[in-house]
Protein chains: 2
Amino acid sequence: MVRSGRLTPEVIVDAALRLGDREGAEAMSMRRIAADIGCDPMTLYRHFANGEALLDAVADAALADARDPGPGTPWAERLRAVMTEIRAAALRHPGISAHLAARPPLGDNGRRLGSGMTAALTEAGLPPADVVRASQALVAYLAAALAMTVRAGRRDERWAQVNHVVGGPPGDHLFVVGSDEQFEYGLRLLLNGIRVEALAR
Amino acid sequence: MVRSGRLTPEVIVDAALRLGDREGAEAMSMRRIAADIGCDPMTLYRHFANGEALLDAVADAALADARDPGPGTPWAERLRAVMTEIRAAALRHPGISAHLAARPPLGDNGRRLGSGMTAALTEAGLPPADVVRASQALVAYLAAALAMTVRAGRRDERWAQVNHVVGGPPGDHLFVVGSDEQFEYGLRLLLNGIRVEALAR
DNA sequence: ACCTGAACACCGTTCAAGT
DNA sequence: ACCTGAACACCGTTCAAGT
């Protein structure tokens, strides 16, 4: 109910991000965001084409403090770092993390981190076409692994049942779904695979 | 508006799947499914706890004709086949494919295909704990790659912009996002990575 | 006891009426 | 011209009233 002097996209995005952190993803409707800011729901449409565009902007804002170690770092370590940073930043903002997982962000921060990944893959020695393919594979894996973590965090019972699909002793891998360790294992598989591709050249 | 003699979960799931194929994901609301069948919306709740449970059942039904080549096939080829079959089956049912991508199915078909993957990974020589980790990494990748394809199929302009994030010549990889070829490249990376893990034992 | 549909508490977005 | 809020066309689900 804080009515600020002048409403800008930045103010709206910031308020929405905080609201989501506080009250969860289901609080991030156009009506509730507007109510939180203290404006008419329609006012939001003067700054964003629709609700999805607003959430895309919020998702990108959540990545503001995800860092790229930069060109000084060896390519595999840099990729690992960027992916881990993105996942951690997303999990720091539980309200928007599911949206972020469902739709890789296309704002300034997404671009910044994406080009860090591209640079690392180029340094690995992949040809340009494979840099694109590998990059998308990494983004795909990151998105899905993040979605798993978000759902596991909500203690969605269904994800526990993934164990049943996978098979094996149930108590054993209950903690695995969406865990940091699970994320890192899949990431290692991908980095191993990229190394094999690069060496095959 | 076909009022069948007796309503069973199977009849509901089948009607919902066909409705989704015909009119898309947004047609698969409880109200519209009920209207299509010709029953009261509330009748659906006598067979399913809620809308999500119904969609989970529909998602599993969409996998009915995805096949596992079975133990005769070498492990890497078997994994490739099962993953490709799941993706193809999902894409044959565009109404439910997004739901399928967002939440790996936990019904009979999901279990059947999942245990095929587990068997293949065991045959590859991974220790049991890694079989689970690798399996979840594969499922995560499949889900996200499928989500990409679904969005690309809807010609979501935002996905075209992923190119912008990735960088490089734009026209070049417009076709790559969500393509069969892109899917197979990431899958190859993962299988390469699994091979490396297995050999390291 | 079982079934049903009216009602509740929401959505995103359009659009006409106000300033 | 700009802004706003009433209205439209939906949701999922509850629950009280009917059979």
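Letters A, B, ... are given to chains in the order of the sequence lines, protein chains preceding strands, and every chain is numbered from 1. Values in this document were obtained by computation on a predicted structure and should not be read as measured data.
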Do any N or O atoms from the side chain of [X] and from the backbone of [Y] form a donor-acceptor pair under 3.5 angstrom?
X	Y	result
B:N50	B:A53	yes
A:D36	A:A16	no
A:R112	A:A66	yes

Rounded to the Å, how far apart are [X] [atom1] and [N] [atom2]?
X	N	atom1	atom2	answer
B:L7	C:dT4	CG	P	10 Å
B:D40	C:dA7	CG	C1'	13 Å
B:L44	D:dG12	CG	P	10 Å
B:E26	C:dT13	CD	C1'	16 Å
B:L54	D:dC11	CG	P	14 Å
A:M30	C:dC10	CE	P	18 Å
B:R46	C:dC2	CZ	P	9 Å
A:M42	C:dC11	CE	P	12 Å

So, do B:I37 and B:T43 sit near enough that their side-chain heavy atoms are less than 4.5 Å apart?
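Heavy-atom side-chain distance check fails, nothing below 4.5 Å.
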Which heavy atom in B:A90 sits nearest to a heavy atom in B:L146, and how many Å separate them?
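For B:A90 versus B:L146, the nearest heavy atoms are CB-CD2, 3.6 Å.
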So which atom in B:L19 and which in B:A27 form the shortest heavy-atom distance, rounded to 0.1 Å?
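Heavy-atom minimum between the residues: CD2-O, 3.6 Å.
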Grab the stems for DNA chain D, please: at least three consecutive Watson-Crick or wobble pairs, both distances below 3.5 Å, written as range with range.
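When the pairs of DNA chain D are grouped into runs of at least three, the stems are C:4-8 with D:12-16, C:12-16 with D:4-8.
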Has A:R31 got a side-chain N or O lying under 4.0 Å from the OP1 or OP2 atom of C:dC10?
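No, because none of the side-chain N or O atoms of A:R31 sits under 4.0 Å from OP1 or OP2 of C:dC10.
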Taking OP1 and OP2 of C:dC3, is either one under 4.0 Å from a side-chain nitrogen or oxygen of B:T43?
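No, outside the criterion.
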Rounding to the closest angstrom, what is the interatomic distance between [N] and [M] at atom [atom1]?
N	M	atom1	value
D:dC10	C:dA9	P	22 Å
C:dT14	D:dG12	C1'	23 Å
C:dC8	D:dC11	C1'	12 Å

Any salt bridge between A:D108 and A:R111, counting N to O under 4.0 Å?
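Yes, charged N to carboxylate O under 4.0 Å.
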